[in-house]
2 protein chains.
Amino acid sequence: MAPRAGSRTDRHTPLSKDRVLRAAVSIADEGGIASLTMRRLAQELGVEAMSLYYHVADKDKVLDGIVDIVVNEINARVGEIGAPSSPADWKAAVRRRILAAREVLLGHPWAPGVIESRTNMSPAVLRYFDALGGLLREGGLSADLVHHAMHALGSRALGFTQELFDPNGGDEVGPDVAAIMRAQMADEYPYLTEIVMGASHNGEATLGWCDDQVEFEFGLDLILDGLERLHDRAELRRPDSSAS
Amino acid sequence: MAPRAGSRTDRHTPLSKDRVLRAAVSIADEGGIASLTMRRLAQELGVEAMSLYYHVADKDKVLDGIVDIVVNEINARVGEIGAPSSPADWKAAVRRRILAAREVLLGHPWAPGVIESRTNMSPAVLRYFDALGGLLREGGLSADLVHHAMHALGSRALGFTQELFDPNGGDEVGPDVAAIMRAQMADEYPYLTEIVMGASHNGEATLGWCDDQVEFEFGLDLILDGLERLHDRAELRRPDSSAS
DNA sequence: ACCTGAACACCGTTCAAGT
DNA sequence: ACCTGAACACCGTTCAAGT
């Protein structure tokens, strides 16, 4: 109810675009993206809703801004990793980067949805993808293969896969799917039942039912291994790279 | 302005859940999902907004309903394909099914977003995935591998990949990205520039910038080939299947 | 320069009331 | 049984006005 103590800046320090965006991130982190309204945002900052429009053009720009903050957090985190010891190590390097990005996203579960809703591409996202592309390109992949790679990875490059169904209702705890399956769906959906019965998705870091950590890594490795094979095959056909 | 002639049913045939949902689909098809409001929906049916609530519980149920319609369209289309000549042909069969699903989705560009927004899984989606899982399972893949496969495919199984950025703004025509890149971003994003310059995404069936047909098929084949390799390796380790 | 009050045009939804 | 009018509680946003 009462406005929480802001992160160091007092409630009556003058507003700024930065302060607005940071407050927006923390609201989304705590209450989900649906709870982020202009009026709620103003309240968090101890101000009237209309005051926000002096610092941001409209809500869409707020969403652009909070995506930027999160992706910049990813870029910072990924920057600490540093270049691979050898460019030929591109696969491990890409893998590490993507899993680091995912870790950041785990702290902002609303971010995947908002990132996908943005129609323009933010500089931060461009920077991320450019660096990732660079890793592949310097690793020796052709420009064409790098292009395909970016498309094949898609949102996985940023560390998430949008889940198709999330039976536990996003942030809330719901009824156990396995139980439902066991109870009544066994003969209507025999193959799904078999799968759900054998699986234990519990207790893992997750961005939704279809995006638990081990499945994310499985899919990621499937793609990275595939790219490596395609690259090796191309190398074989046109052998001109120096032996290490 | 004036209500268009409905698809065979006149404007004054009594309302029904079915008529409401079909009108909703056609509004979304024509004006995008944002244009689908309860008031607009009522207007399309020549009725007051409040009348809708007699036939559907709330807007969320409308969204559930239109997803169901689209996925049932997919199931119908995919049902025409029939079983593979041999279960061992699972890869081709799965590929054909998924590309057929994609074709249906091409007629409902709003559907991917709404499908992902649904928190519960519709029977139609369960049926689709169960059938797809069955193809893999009957093809000889282990239950575990089928499970991984479903996760790895994710939304690709239904025929789409959610695009990360869509510089041409969804349904509208926008400025050419390649031109922007050429103009000013060449040295800030060298690798991306190289990729965009070499690419021509034009004139193809598309669900967004990152989801054109050839890239979709590239990613799909990467995953299917990877699954096949994992399966063959497992078969080799435990060789007990009959020779064809 | 920075913030606000009042108001507008939209939402989804409820509920008592009409036929 | 089926539809409606009036109203409510929310949105994002504008604009003239305050300090």
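Letters A, B, ... mirror the listed sequences (proteins, then strands); counts begin at 1. Everything numeric in this text was worked out from a predicted model, so none of it was measured.
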Watson-Crick/G-U partner (both atom distances under 3.5 Å) of C:dT14: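 Result: D:dA6.
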When both hydrogen-bonding distances must be under 3.5 Å and the geometry is Watson-Crick or G-U wobble, what is D:dA1 paired with, if anything?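 Partner of D:dA1: C:dT19.
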Within the structure shown, what part of the strands sits under 4.0 Å from A:S51 by heavy-atom distance: base, sugar-phosphate, or nothing?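 Answer is base: heavy atoms of A:S51 come under 4.0 Å of a base.
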What's B:M38 touching, base or sugar-phosphate or nothing? Going by heavy atoms closer than 4.0 Å.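 Contact class for B:M38: sugar-phosphate only.
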Could you state the [atom1]-[atom2] distance from [X] to [N], rounded to the nearest angstrom?
{"X": "A:L15", "N": "C:dT4", "atom1": "CG", "atom2": "P", "result": "9 Å"}
{"X": "A:L45", "N": "C:dT4", "atom1": "CG", "atom2": "C1'", "result": "15 Å"}
{"X": "B:E48", "N": "C:dG18", "atom1": "CD", "atom2": "C1'", "result": "14 Å"}
{"X": "B:Q43", "N": "C:dC10", "atom1": "CD", "atom2": "P", "result": "12 Å"}
{"X": "A:Y53", "N": "C:dC3", "atom1": "OH", "atom2": "P", "result": "15 Å"}
{"X": "B:M50", "N": "C:dC11", "atom1": "CE", "atom2": "P", "result": "11 Å"}
{"X": "A:K59", "N": "C:dA9", "atom1": "NZ", "atom2": "C1'", "result": "17 Å"}
{"X": "A:R39", "N": "D:dT14", "atom1": "CZ", "atom2": "C1'", "result": "12 Å"}

Nearest-nucleotide 5' precedence on DNA chain C, B:T37 against A:S16: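 Going by which nucleotide is closer to the 5' end, it is A:S16.
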Tell me whether the side-chain N/O atoms of A:H55 come closer than 4.0 Å to OP1 or OP2 in C:dA1.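 For A:H55, the contact criterion (side-chain N or O under 4.0 Å from OP1 or OP2 of C:dA1) is not met.
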Contact under 4.0 Å: B:Y54 side-chain N or O vs D:dC3 OP1/OP2: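 Negative; the distance criterion is not met.
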Would you say A:L99 and A:L220 make side-chain contact, with heavy atoms under 4.5 Å?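 Side chain of A:L99 against side chain of A:L220, heavy atoms only: contact under 4.5 Å found.
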Taking only Lys NZ, Arg NE, NH1 and NH2, and the carboxylate oxygens of Asp or Glu, determine whether A:E73 and A:R77 approach each other closer than 4.0 Å.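 Answer for the salt bridge query: no.
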Below 4.0 angstrom, N of the basic side chain to O of the carboxylate: do A:R95 and A:E217 qualify?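 Looking at A:R95 and A:E217, the cut-off is met.
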Where does the angle between the aromatic ring planes of A:W110 and A:H108 fall among parallel (under 30°), tilted (30 to 60°) and perpendicular (over 60°)?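 A:W110 and A:H108: perpendicular rings.
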Hey, mind stepping through A:I66 and A:I33 against side chain to side chain contact (heavy atoms under 4.5 Å, CB included) and telling me if it holds? CA-CA 11 Å; A:I66 61 179; A:I33 195 64; 4.2 Å; yes
